[in-house]
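For reference, the structure is listed below as structure tokens.
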There are 2 protein chains.
Amino acid sequence: MSAAKHDVFQAIADPTRREVLRLLASNELAISEITAHFPISRTAIAKHLHILSEANLVSGKKAGREKIYQLHPEPLTEVKQWLSYYEQFWDNKLSILKHVVENDNEDRFKGRKKDQE
Amino acid sequence: MSAAKHDVFQAIADPTRREVLRLLASNELAISEITAHFPISRTAIAKHLHILSEANLVSGKKAGREKIYQLHPEPLTEVKQWLSYYEQFWDNKLSILKHVVENDNEDRFKGRKKDQE
DNA sequence: TAAATATAAAACCATTTGGTTTCATTTCAA
DNA sequence: TTGAAATGAAACCAAATGGTTTTATATTTA
């Protein structure tokens with residue numbers, strides 16, 4: 001499974017691809033149906049779908065002459081996890097505590113110390 | 001201010017840039033100090049910092065002959081918000097409830113004509 | 001069966017990306 | 001004060017990106 005050529009961070013970097021994901025969140029759709037929502041060619045959309053598919057964010061099944069694409073949001077958890085590290089910085093209320101408890105309070109208080117051994 | 005040329009999704013798409021952010025999460029660092037952690041040139045790192053800076057994820061202040069870069073994680077909230085839409089799909093336990101409460105229960109039930117459960 | 005629909009695949013293209021090397025400038029330190 | 005350190009800036013490069021157009025193939029449908 002899991003084609004690794006395109007990772008999820010790269011897949012969601014493009015705004016068109018993010019819109020495609022949003023469309024598929026409501027409904028599975030054929031390539032042409034997706035294309036109808038954008039000002040670019042069907043071929044371009046097909047390429048975006050291919051990239052999303054390599055990141056395992058969508059999959060396509062053939063149905064007659066159509067190819068129906070479906071959302072698979074699971075790989076987004078990787079982004080969520082990555083992001084969770086930074087939550088300590090913006091939710092100062094409880095996340096600092098959480099961070100301190102989970103890790104060590106050390107790196108919250110050391111300034112810039114020149115060398116990072 | 002806020003240069004909009006590079007958005008945050010694009011900024012975090014590159015793994016080197018994600019590592020740079022992680023380094024800066026512990027400490028502010030000069031360009032050379034950052035470079036020491038990577039196999040690529042100082043110039044390449046400087047370009048990555050420029051892109052991160054355009055996304056307002058870092059800022060640099062001159063200190064003598066050094067330029068010290070600092071993390072500004074706030075723009076990551078945009079990613080978090082984008083992602084929150086998809087939480088309804090993976091955490092079915094409480095996120096559906098959360099989604100319903102925060103937004104309206106409307107969009108839970110509107111679109112999905114065909115599939116999905 | 002013939003025309004229309006839906007997609008696939010390939011060739012092509014301009015721009016962006018992620019690097020490099022080289023040279024200039026500023027600042028620190030011996 | 002002279003050299004090393006840190007950065008900036010520019011020129012260059014190969015590969016990837018995000019598009020296009022063209023051609024071919026399979027599937028409906030009139």
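Side chains are part of it too, since the values below use all heavy atoms of this structure and drop only hydrogens, waters and symmetry mates. Reminder, nothing fancy here: chain letters follow the sequence lines and each chain counts from 1.
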Is there side-chain contact between B:Val58 and B:Gln70, with heavy atoms separated by less than 4.5 Å? no

Reckon B:His48 has a side-chain N or O less than 4.0 Å from the OP1 or OP2 of C:dT17? no

Expressed as a whole number of angstroms, how long is the span from B:Arg18:CZ to C:dG18:P? 11 Å

Spacing between B:Leu49 atom CG and D:dA6 atom P, to the nearest angstrom: 16 Å

Which label fits A:Trp82 and A:Tyr86: parallel for a plane angle under 30°, tilted from 30 to 60°, or perpendicular past 60°? tilted

Whole angstrom is fine here: how far is it from NE2 in A:His50 over to C1' in D:dT17? 15 Å

For B:Leu71 and B:Leu24, which heavy atoms make the closest approach, and how far apart are they? CB-O, 3.8 Å

Distance in angstrom units between A:Asp14 CG and C:dT16 P, rounded: 14 Å

Any B:Ser41 side-chain N or O less than 4.0 Å from OP1/OP2 of C:dG19: no

Is the backbone of A:Ala44 close enough, under 3.5 Å, to the side chain of A:Ser41 for a donor and an acceptor to pair up by distance? yes

Whole-Å distance, B:Ile45 CD1 to C:dT21 P, equals 14 Å

A:Gln10 CD - D:dA15 C1' separation (whole Å): 12 Å

Using the side chain to side chain donor-acceptor pair (under 3.5 Å) criterion, which residues pair with B:Lys61? Sequence neighbours excluded. B:Glu28

What integer distance in Å separates A:Phe9:CZ from D:dA16:P? 21 Å

Per the end-axis method with five pairs at each terminus, what is the bend angle of the helix from C:dT1-D:dA30 to C:dA30-D:dT1, to 10°? 10°

Under the side chain to side chain donor-acceptor pair (under 3.5 Å) rule, collect the residues that match up with B:Arg65, sequence neighbours excluded. none

Scan nucleotides 1-13 of chain C nucleotide by nucleotide, 5' to 3', and note B when protein non-hydrogen atoms come under 4.0 Å of the base, S if they reach only the sugar-phosphate, - if neither. ---BBSBB-BB--

Please enumerate all residues that pass side-chain contact (heavy atoms from CB on, under 4.5 Å) together with A:Ser32, with sequence neighbours excluded. none

Pairs touching residues 8-18 of chain B that satisfy salt bridge (charged side-chain N to carboxylate O under 4.0 Å, His left out), sequence neighbours left out: A:Asp7-B:Arg18

If only atom types and distance count, is the side chain of B:Thr77 paired as donor or acceptor with the main-chain N or O of B:Lys80 below 3.5 Å? no

From CD of A:Glu54 across to P of D:dT17 the rounded distance in Å is 9 Å

